[in-house]
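These notes are about the structure you will find just below.
Here the structure is a predicted model, which is why all the values come from computation and not from measurement. What you see below is based on every heavy atom in this structure, not just the backbone, and it leaves out hydrogens, waters and symmetry mates.
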Amino acid sequence: MAAHVEEIDYESLDGSLAINMLAGAMAGISEHAVMYPVDSIKTRMQVLSTSPAAVYANMSDAFTRISSTEGTKRLWRGVASVILGAGPAHAVYFGTYELVKELAGGNEHGYSFVATASAGAAATVAADALMNPFDVVKQRMQVHGSAFKTVRGCFKSVYRTEGLSAFYVSYPTTLTMTVPFTAAQFATYEFLKEKFNPTNTYSPLTHVTAGGLAGAVAAAVTNPLDVCKTLLQTRGSSDDQTIRQARGMMDAFRIIWERQGAAGFARGLAPRVLTNMPSNALCWCSYEGFRFLMKGGANSSTRLD
């Protein structure tokens, strides 16, 4: 007897904006929580510091020294901030993406670069406005020598000493980075998904592979902007007066270029790609899986011949 499994085009299953947003929230929390220690190492490697104790040669060096001097637990400090922010932000992210892609005709005639890239860019603008303050708090808690122990304490301290603008000083830089990142990621993901799975049935292997490759490409291309963003978001924790006075992307770019040249913009590239490749694979697999289940895909019939 041969087993026959009925194929379902899950894109055509009845659903709603609420389902896309809930699936996105679950995917975002899963993605950020799992890869958080690697993200902490990336932040440490990108920060410009005058202290030799805060300068790391590579990922292995960073992990070994942080673990031995501060404890492995230190790599998780600040994770509550991204969990609090990632759920709502990813709900907005994926909800906006699916809505704009539908309005742009991205679900009508197969793969459309313009529709998917436009939807990805719109999703980023909306989600980052919500996520940026949480990302600032996260990185303030990740840096070497951070005195912040709780998310609440960090929020209050930054607001009291630097004002509301501290949470959004990096927002233009973040958008400059994440709009092309997301456009590249979504366009690459949708392209690879169609090539790997032309029948458009639910396929975890396809979502993992396409999501991972899309994340790696987008992360590598936008790493220089991520280095600038990190400098701006951690400026308040720096003991360098020039860094503390940085006001935007051009200031950050100039400081990095003057001190480390072109090589400075590649700092943290390995952990960034290593973070984004599996996290994007997990994010897309979780998102597509949650959405499939919530739209009734789990109830598909399986019959034996």
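In the displayed structure, Y159 atom OH is contacted under 6.0 Å by at most 12 heavy atoms of other residues, nucleotides or ligands.
A perpendicular orientation is assigned to the rings of Y168 and Y171, their planes being inclined by more than 60° (bins at 30° and 60°). Taking the six-membered ring where tryptophan is involved, the planes of Y189 and W284 are essentially parallel, since the angle between them stays under 30° and well short of 60°.
The aromatic ring centroids of F113 and F191 lie 6.0 Å or more from each other. Remark: aromatic rings of F186 and Y93 are close, center separation under 6.0 Å.
In summary, E162 and R244 do not engage in a salt bridge, as defined by a charged side-chain N under 4.0 Å from a carboxylate O. Looking at R140 and D135, no side-chain N of the basic residue comes within less than 4.0 Å of a carboxylate O on the acidic one, giving no salt bridge.
Under the rule for a salt bridge (Lys or Arg N to Asp or Glu O under 4.0 Å), D239 has no partner lying at least two apart in sequence or in another chain. For D251, the salt bridge (Lys or Arg N to Asp or Glu O under 4.0 Å) partners two or more places apart in sequence, or in a different chain, are R254.
No donor-acceptor contact under 3.5 angstrom links the side chains of E190 and T116, judged on distance only. Judged purely by distance below 3.5 Å, without hydrogens or angles, the side chains of R272 and T222 pair a donor atom with an acceptor atom.
Rounding to the nearest 0.5 Å places CZ of R65 at 5.5 Å from OH of Y56.
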